[in-house]
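Below: one structure, written as structure tokens.
Below, chains carry the letters A, B, ... as their sequence lines are ordered, and counting in each starts from 1.
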Number of protein chains: 2
Amino acid sequence: MSDDAARLEAVVTQFRKAGINGALADCPVRGILDKISDKWSMLIVLELAPGAMRFNQIRRAIPDISQKMLTQTLKELQRDGLVSRTVFPTVPPAVEYELTELGVSLLRPFSILVEWADARYQQIERARSDFDAQAVA
Amino acid sequence: MSDDAARLEAVVTQFRKAGINGALADCPVRGILDKISDKWSMLIVLELAPGAMRFNQIRRAIPDISQKMLTQTLKELQRDGLVSRTVFPTVPPAVEYELTELGVSLLRPFSILVEWADARYQQIERARSDFDAQAVA
DNA sequence: CAGCATCCGTACTGATACTG
DNA sequence: CAGTATCAGTACGGATGCTG
């Protein structure tokens, strides 16, 4: 438990780490976290976990993503080095997306977060009901 | 490693878990993740990690949050059962915010994610530079 | 001290139509 | 198949002023 306390303090320190111009908002860790916590990034990374996929294959796997958002998010993931893009010069063209080593390394921390959410979401929903009931009264 | 593969498959399953009306977008796990990944929630949870704090104390600790967002985010965290709010009927009023057991339980998964970001952000920034240089060429 | 209410700009998103 | 381009709606977030 004191181990937890120590690592927690370290985490807070990392989180306060300022960016180039010294502003808290430029903390590189926060920047990364913002990126990966957008609406679709995580979902795509998870879909790619089992192996390479083609554009429309990913699209079918995530029915409620728009084509624009898929393109855009894949490009960001590629830019961040989490996903690689390979074009096969066939007709019609085929493009494969695959997690890089960096992308794969994200799976573990993320899966831990998902496990937390899965273990606790009922508790959270109960808390919300209680809170809302309280608010009415 | 096959252990990782097994837990990963479980995570994907959780992530596909549909909500009440069966739509993917209502996946309870995704709902929770959306919540905690907003601009300020995590920051506040981290600030509260060492112990209870008062409203303006938190505000000073996070200089770039507006009063509106602090109020709003604290209310959401309270609604989700992650933070407790205690009012001391003094003049002027004092209000203390503190992590609940549920809030504390989030520290570990989150700290793991922060540690990942801290260990990798330089690699990500390098990937971005490379990508942008490539795009120009 | 600890909020609430309002206004307003912008950034994110989706729908739609078009291309190599 | 795998995108690009454009437009329009919305939700997020900040600045400001006011209250118990």
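Residues A:Val95 and A:Phe88 fail the side-chain proximity criterion, which asks for heavy atoms closer than 4.5 Å. In this structure the side chain of A:Thr71 reaches within 4.5 angstrom of the side chain of A:Phe55, judged on heavy atoms. In this structure, A:Leu46 and A:Phe110 have side chains that are in contact, with non-hydrogen atoms separated by less than 4.5 Å. Residues B:Val83 and B:Glu98 are not in side-chain contact: their nearest non-hydrogen atoms beyond the backbone lie 4.5 Å or more apart. Between B:Ile32 and A:Arg120 there is no side-chain heavy-atom pair separated by less than 4.5 Å.
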Under a 4.0 Å heavy-atom criterion, the protein footprint on nucleotides 2-10 of chain C, written with B, S and -, is SBB-BB---
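Atom CE of A:Met69 and atom P of C:dA11 are 14 Å apart (whole Å). Taking atom CD1 on A:Ile65 and atom C1' on C:dA15, their separation rounds to 15 Å, with Å as the unit.
The distance from the CZ atom of B:Arg85 to the CG atom of B:Leu74 is 9.0 Å, given to the nearest 0.5 Å.
Between the side chains of B:Ser41 and B:Asp38, at least one donor N or O lies within less than 3.5 Å of an accepting N or O.
On the nucleic acid side, DNA chain D contacts chain B at distances under 4.0 Å to non-hydrogen atoms, with the end points of that region at D:dG13 to D:dG20.
For A:Gln134, the CD atom counts as loosely surrounded, since its 6.0 Å shell holds 12 or fewer non-hydrogen atoms of other residues, nucleotides or ligands.
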